[in-house]
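Note: hydrogens, waters and symmetry copies are ignored here, and every other heavy atom, side chains too, is used. None of the values given here were measured: they were computed from a predicted structure. Residue numbers count from 1 along this sequence.
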Amino acid sequence: MSNVIEKTKQATAKAATQVMGPVSEPAHDARLMTLAENRVVIEGVAPEIDGGRFAVKRFAGEPLIVEADVFADGHDKIDCSVLYREVGEAAWSEAPMSFVENDRWRATISFAENGPAQFTIIAWRDLNAYWRYEAGKKREAGIDISLELVEGRELVEAALSSGRGSDKDVEDTTALLRRLEDLAKGGDKDGQYALLTATDTVNLLYRTGVRTNLSRYHVDVPVWVDRERAAFSAWYELFPRSQSGDPARHGTFADVEKRLPDIKEMGFDVLYLLPIHPIGKTNRKGKNNTLTPAADDPGSPYAIGSAEGGHDAIHQELGTFEDFAHLVKAAKDHGMEMAIDFAIQCSPDHPWIKQHPEWFDWRPDGTIKFAENPPKKYEDIVNVHFYRGAIPSIWTALRDIVLFWIDKGVRIFRVDNPHTKPFPFWEWLIAEVRQVDPGAIFLAEAFTRPKLMKRLAKVGYNQSYSYFTWRNAKWELEQYLRELTTEECADFMRPNFFVNTPDINPLFLQTSGRPGFRIRLALAATLGGNYGVYSGFELCEYKPVPGKEEYLNSEKYEIRAFDWKRPGNIRDDIAFFNRIRNTEPALKSFTDLAFFNFWNDNVLYYAKRTPDRSSYLLFIVSLDPFDAQGGNFEVPLWELGLPDNATVQVEALASGERFEWRGKIQHWWLNPAERPYAVFRITP
């Protein structure tokens, strides 16, 4: 036998040496004891992004449901809890987990403050619970439990030396032990058992009892807690220079300020300004992106930089920094936050090109390399690069640009084409900015491959553009929304459902008329926690460049003027949806979405509801902008705990009508010429 033991020791030592190098016997024993102590298995933790490499996202006060598989060998009873805290706090808060099924456990936690946080899971063998289970079975079988009662008192004694519980708990545990000893002296077995299994005792020993084989998950899972605006916002996008009302006069910040009551009337809470920086003259683009501009063509605001300055300067015709500050304050007074474009590109006139030529790419003939996306070529802009001689100086310069605008009162940044810049750069920059302002919000404008979009969200972007803009059919809307709300990306990627942008004039809007604009509005505003419109959407502007998803006479290349309340607008629809977004709790959460049966492939039917079902909204949206559509549909009575023949009270929120639905199967009809959507609030 001794030979077998010696061989086992040698084999174990050899294996340890191969993995960790030579180790002493005490170190080997320490590893053995650590491994032995971590006896309860904790795995399958969710949510957890890439093994804890990236943060789970929630906003302040939003429930975070934590789940894990927790089990141990044998038949012992176990218990587990979630430990959670905001980073920087010394103490952990603890939330007990509840058994679900098949070794799956769950708890719900939340964080109160914007900033970094974390959670982990602990588990232990619950000897008190196992004692109650074992002693109870024996007692029911008529077996004498005298020894079990002694073991029960010993567990109470152990609780007194555990160091757990409050001073009051320790006092109560001491009193409990005395009562048990008195009952034991009197031979009162039934009294001891009743006292040891009483609810108060169970709760007391949960707080003070020894947590045997206390095991801890190997990762403190990072969480980023946003302010609510990151998860719930309605954006209105505009070109400041087109706000004068006169195409012959360049708009100013003061002109934008005059439009604030109009924008607020529609209910938007984020005012997004396209680039406000000086515009270069070299290779300036003319109307409709022509390479031969007229002398008075203003150029594209995305050709950033001139002799007047670069990304930390304002285009002179818009106004001064004092004017900008006044606009920021005025927007806040109207309940709106300011967002600006952060476009990392330069006109050939940008001061950086002379100051830092090492930040740019140069061709063999000594000319600077223009931005390209073959077959497209952007002669009026050049891109910086992020490595070679540019690191770290370009990284810190761009960080400082963001901090510059934060100092000017801007906390929301829509970032142009972030997927064409290095992911490590974004992870670093966003973390740096958050040290100054954890409430800064970054929206990634990245219509690209799905994994690239998701990686941007992982490295820190609070919001992301999405494929919603091109999802029109019922099957593809349902498929895409299920991906966004039920798969892993729901824990780190928050889409922003923009219905249009200056760069994207969707084919659906080009061909569907006013009903099509109302359809896309209804979908974006109710399916998404964040959504946005580019100005002109409320006027059903759609005139395209033939054969392209681009606007003819685009504001990117010329100043335009609009009658913002001209006939045929959909301002009332926008105001309606923004109003219910702010008054109906069911619309606050992006993931509380469910699709139900409506037996017509031209109609999308879905619900938004709170977890307790106290706020329950149903949406029926026609996807056909031309012909009336209708059909039978299921009222989700089962979600309200009601039988199929139950009655619910219904309020049609758009019309104000009130009525009843009796039974699970109902019928509805939508005429796009009247209203292509219906919104119902239902109550039992």
Side-chain angles (χ1 to χ4, degrees), residues 235-242 270-277 279 284-291 297-304 339-347 370-383 413-421 442-449 452-453 456 461 463-472 495-511 516-517 520 524 530-560 562:
W235 293 50
Y236 187 81
E237 176 181 7
L238 58 78
F239 283 90
R241 70 187 186 187
S242 287
V270 174
L271 175 62
Y272 161 34
L273 306 184
L274 286 126
I276 58 176
H277 313 298
I279 299 171
R284 176 171 285 190
K285 295 295 186 71
K287 293 179 180 180
N288 289 310
N289 202 22
T290 178
L291 297 177
D297 280 339
S300 168
Y302 284 94
I304 297 171
I340 66 171
D341 224 312
F342 183 38
I344 304 178
Q345 56 209 31
C346 304
S347 90
F370 296 114
E372 295 181 10
N373 182 16
K376 293 182 179 181
K377 187 172 183 179
Y378 305 95
E379 295 87 353
D380 57 341
I381 60 173
V382 297
N383 289 323
F413 299 87
R414 177 268 195 189
V415 181
D416 193 62
N417 286 322
H419 59 291
T420 62
K421 287 78 180 172
F442 293 86
L443 166 60
E445 184 261 349
F447 296 112
T448 181
R449 304 194 303 275
L452 272 68
M453 296 166 70
L456 288 167
Y461 274 89
Q463 299 180 13
S464 306
Y465 278 34
S466 72
Y467 296 149
F468 167 80
T469 313
W470 297 278
R471 297 294 186 264
N472 299 308
N496 190 320
F497 288 168
F498 262 81
V499 288
N500 65 332
T501 78
D503 298 306
I504 301 171
N505 181 11
L507 294 177
F508 183 85
L509 296 182
Q510 294 180 23
T511 58
F517 281 78
R520 295 303 292 180
N530 302 296
Y531 91 104
V533 309
Y534 159 50
S535 62
F537 181 86
E538 69 268 42
L539 304 178
C540 304
E541 283 280 314
Y542 70 87
K543 195 171 183 179
V545 174
K548 295 184 178 181
E549 282 193 325
E550 298 178 13
Y551 288 95
L552 190 65
N553 305 319
S554 169
E555 288 184 89
K556 289 192 295 181
Y557 308 107
E558 63 181 282
I559 296 170
R560 296 192 61 190
F562 302 90

Distance-minimising heavy-atom pair for Gly286 and Tyr557: O-CB, 3.2 Å
Does the side chain of Pro544 reach to within under 4.5 Å of the side chain of Leu552, using non-hydrogen atoms? no
Closer than 3.5 angstrom, by distance alone: can the side chain of Gln510 be matched with the main-chain N or O of Phe508 as a donor-acceptor pair? no
Under a 4.0 Å threshold between the charged nitrogen and the carboxylate oxygen, would Glu555 count as salt-bridged to Arg560? no
Considering residues at least two apart in sequence or located in another chain, which fulfil the side-chain hydrogen bond (donor to acceptor under 3.5 Å, both in side chains) criterion with Asn288? Asn553
Test Asp341 against Tyr302 for side-chain hydrogen bond (donor to acceptor under 3.5 Å, both in side chains), laying out the working first. CA-CA 9 Å; Asp341 224 312; Tyr302 284 94; 2.7 Å; yes
Check: Phe537 ring centre within less than 6.0 Å of Phe517 ring centre: yes
Could you list the residues that satisfy side-chain hydrogen bond (donor to acceptor under 3.5 Å, both in side chains) with Asp380, not counting sequence neighbours? none
With side chains defined as the heavy atoms from C-beta onward, is the minimum distance between Arg241 and Leu274 less than 4.5 Å? no
Please determine which of Phe447, Tyr465, Trp470 meets the ring-ring contact (aromatic ring centres under 6.0 Å, His included) test together with Phe498. Tyr465
Are Arg520 and Phe468 in a cation-pi setup, meaning NZ or CZ lies under 6.0 angstrom from the ring centre and within 45 degrees of the ring axis? yes
If the plane angle is over 60° it's perpendicular, under 30° parallel, otherwise tilted; pick one for Tyr551 and Tyr534. perpendicular
Verify, without hydrogens or angle tests, whether Lys421 (side chain) and Asn417 (backbone) share a donor-acceptor contact under 3.5 angstrom. yes
So Leu443 and Tyr272, do their side chains get closer than 4.5 Å, heavy atoms only? no
Can you check whether Arg471 reaches Ser466 side chain to side chain, under 4.5 Å on heavy atoms? no
Any side-chain heavy-atom pair from Asp297 and Glu558 closer than 4.5 angstrom? no
